[in-house]
Amino acid sequence: DVFAKPVEGARASGVGGFFMGVGQGLASAVVKPVTGVGQALSNVGQGVTAQVGQVAGTNTKQNRRNEARLRGRLPRLVYCEQGVIRAWVELDAEVRKQLGQAHLRGVQVVLPLAEEGNLRKVVLFFADRILISEVRPEQSAAGDDAPRRQSLVSQALRPVQLVGTTVSSVAGTVGLGGIDGVSEVTEDPGDPAVFERTKCFLFNSLRKVREDDAGYLELLDSAGNPLSLRPACDSLGPDARAALKAGFLSAEQNPRGAVNWEPLHRAMQSEERLQGGNDSSGAVGAITEEPAQAKASSSSSSAARAIARRSSGGGVHVLEVWELQSRMIPTYYWQTPFLPTDFETSWRWADANTAKHPNLRKDITKEEAVKSDVPPCELEMYQPISSWKLTIDKDTDKEGWKYAVRWNASTWSTSPGFIDAVRKRRWTRQFA
């Protein structure tokens with residue numbers, strides 16, 4: 001080009017074209033080698049990323065689409081027909097993932113019920129129906145390390161790929177398109193297995209709302225088939241239970257009308273606050289309450305929030321506390337969070353939102369809290385009736401720990417990976 005461009009310019013435009021050709025030739029002599037280097041670096045980046053995907057078995061079109069960003073948590077559920085945005089709730093996000101936002105359009109309230117094995121029952125309230133389903137909490141927690149690490153490798157190599165694309169564009173050549181489909185936005189279709197476990201009750205088939213002998217709500221459809229709401233009633237306090245009944249009575253009186261479940265939502269929020277939960281994020285509360293005659297069960301960390309379960313008489317309260325630790329990569333020395341940004345987590349004992357636990361003893365200092373081997377928490381006006389217990393199950397290691405890249409991660413592993421910098425475990429104690 002150094003010789004060809006001046007000749008071409010002179011033939012086309014004379015002396016002016018000659019000097020313009022000299023400039024183009026010199027620029028081409030510099031830019032083209034740089035373009036080749038950038039192209040080579042970009043190809044290396046794409047090749048390594050593709051190889052990681054093949055090894056992990058996750059090099060699918062969908063994952064190539066999602067590699068462009070590393071999501072820290074699942075997408076939030078959008079509520080009501082107007083698309084109301086509320087505080088992110090882990091369980092609601094799992095419901096959205098497993099049922100799909102398209103099937104949840106218009107949902108107003110998500111009510112979590114008891115866990116049965118590795119499934120959690122939920123009731124979803126719409127203006128014209130309710131859905132009763134079973135979802136798998138933290139479905140993505142198990143076996144997701146490979147895709148997560150693949151995404152991290154892709155993120156790390158993206159600047160290398162961008163070098164090749166940018167330099168090629170400057171040289172006027174065809175640039176790399178990057179990962180195809182990055183700009184494409186798809187909606188999660190949901191899990192067919194969850195659909196099979198989902199039941200629907202339409203309000204236009206509601207014939208009567210009544211109470212059974214124990215005082216629990218029961219719905220009768222047009223064929224006379226009953227649907228007991230006892231699990232839902234057990235999960236709610238008096239105010240929320242009254243709002244629940246009022247909503248169904250409204251559906252009975254106006255079967256073709258739209259039921260507003262906002263009073264139920266507000267009542268549930270109020271009861272969570274009364275029970276010591278952190279309602280600002282809608283996540284797991286610190287305390288749950290159960291009837292005295294029922295066994296106090298440990299709800300797993302997958303419960304996105306703890307609903308106050310009250311009885312007419314005295315009850316057993318279960319206080320939930322999370323122990324937090326972090327480390328400096330690549331060391332494996334775990335300790336109480338110590339970075340300058342670890343404001344509330346540096347207290348070691350936290351609620352499910354990793355905030356300083358609201359039930360820490362009033363007179364305790366941070367140094368005393370950090371040195372304590374068990375949660376230094378108490379429940380005012382109540383006495384402990386059990387010792388502190390660790391939650392150890394299939395989602396934890398043998399000491400109850402879960403590991404992740406950061407505190408707000410949506411996936412937690414049972415063993416520490418190279419990039420996992422934080423870990424947590426759950427303690428519970430009964431009070432009466």
Side-chain angles (χ1 to χ4, degrees), residues 80 91 95 106-116 119-135 197-275 277 285 287-297 299 303 305-318 432:
C80 305
L91 181 61
V95 170
V107 65
Q108 299 183 30
V109 176
V110 177
L111 173 61
L113 305 181
E115 277 193 65
E116 296 181 0
L119 296 176
R120 173 171 287 276
K121 284 190 174 183
V122 293
V123 183
L124 310 173
F125 294 84
F126 297 78
D128 60 347
R129 68 192 184 280
I130 60 171
L131 296 182
I132 302 176
S133 185
E134 294 178 335
V135 298
R197 300 193 297 266
T198 303
K199 299 177 182 178
C200 178
F201 189 99
L202 297 173
F203 293 158
N204 59 15
S205 66
L206 176 60
R207 190 181 74 180
K208 186 174 181 59
V209 179
R210 67 184 186 185
E211 295 184 351
D212 61 18
D213 296 338
Y216 294 100
L217 288 179
E218 192 173 68
L219 308 181
L220 289 179
D221 63 15
S222 56
N225 299 315
L227 173 64
S228 175
L229 296 175
R230 179 167 186 166
C233 293
D234 278 340
S235 299
L236 299 172
D239 294 341
R241 192 180 297 188
L244 179 69
K245 182 177 181 180
F248 283 120
L249 289 176
S250 174
E252 178 187 8
Q253 296 165 5
N254 302 285
R256 298 190 180 278
V259 179
N260 179 18
W261 294 107
E262 183 60 25
L264 174 61
H265 173 64
R266 289 198 300 266
M268 289 167 57
Q269 285 188 316
S270 298
E271 289 173 358
E272 288 177 37
R273 285 193 292 268
L274 289 174
Q275 291 300 309
I287 309 168
T288 61
E289 183 179 0
E290 300 178 341
Q293 65 271 22
K295 293 182 179 180
S297 62
S299 58
R305 57 184 165 223
I307 303 300
R309 291 175 288 187
R310 302 185 181 184
S311 63
S312 57
V316 174
H317 301 256
V318 180

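Not measured: the values here are computed from a predicted model.
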Completion exercise
Partner of V110 under side chain to side chain contact (heavy atoms under 4.5 Å, CB included), picked from L124, L131, V135, is L124
Exercise for the section: Evaluate the side-chain contact (heavy atoms from CB on, under 4.5 Å) criterion for residues V107 and V95: first the C-alpha distance (whole Å), next the side-chain angles of each, then the deciding distance (0.1 Å), finally the verdict. Expected result: CA-CA 11 Å; V107 65; V95 170; over 6 Å; no
Problem - Sidechain-backbone polar pair: W261 side chain, F126 backbone, donor-acceptor under 3.5 Å - result: yes
Practice task
Working to the nearest 0.5 Å, report the span between CG of N254 and CZ of F203.
Solution key: 12.0 Å
Practice task
Measure the CG-CG distance between L264 and D239 for me, rounded to the nearest 0.5 Å.
Solution key: 11.0 Å
Handout entry: Side chain to side chain, V123 and L113, heavy atoms closer than 4.5 Å
Key = yes
Practice task
Kindly say whether C233 contributes a backbone atom to a donor-acceptor pair with the side chain of R241 at under 3.5 angstrom?
Solution key: yes
Problem - NZ on K208 to OG on S222, rounded to 0.5 Å - result: 15.0 Å
Fill in the blank from the handout: Residues E211 and L217: closest non-hydrogen pair is CG-CD2, 4.1 Å
Exercise for the section: Heavy atoms only: give me the nearest D221-R207 pair and the separation to one decimal. Expected result: O-CB, 3.6 Å
Completion exercise
CG (N260) and SG (C80) are apart, to the nearest 0.5 Å, by 8.0 Å
Practice task
Examine distances only and state if a side-chain atom of S250 and a backbone atom of A246 form a donor-acceptor pair shorter than 3.5 Å.
Solution key: no
Handout entry: Q108 (side chain) donor-acceptor with V259 (main chain) under 3.5 angstrom
Key = yes
Problem - Check: L111 and L236 side chains under 4.5 Å, non-hydrogen atoms - result: yes
Practice task
Measure the spacing between CD of E252 and CG of L220 and express it to the nearest 0.5 Å.
Solution key: 9.0 Å
Practice task
Could you label the plane-to-plane angle of the F125 and F248 rings as parallel, tilted or perpendicular, counting under 30° as parallel and over 60° as perpendicular?
Solution key: tilted
Completion exercise
Correct closest heavy-atom pair for T198 and S133 would be OG1-OG, 2.7 Å
Problem - Atom pair NZ/CD1 of K199 and I130 - distance to nearest 0.5 Å - result: 11.0 Å
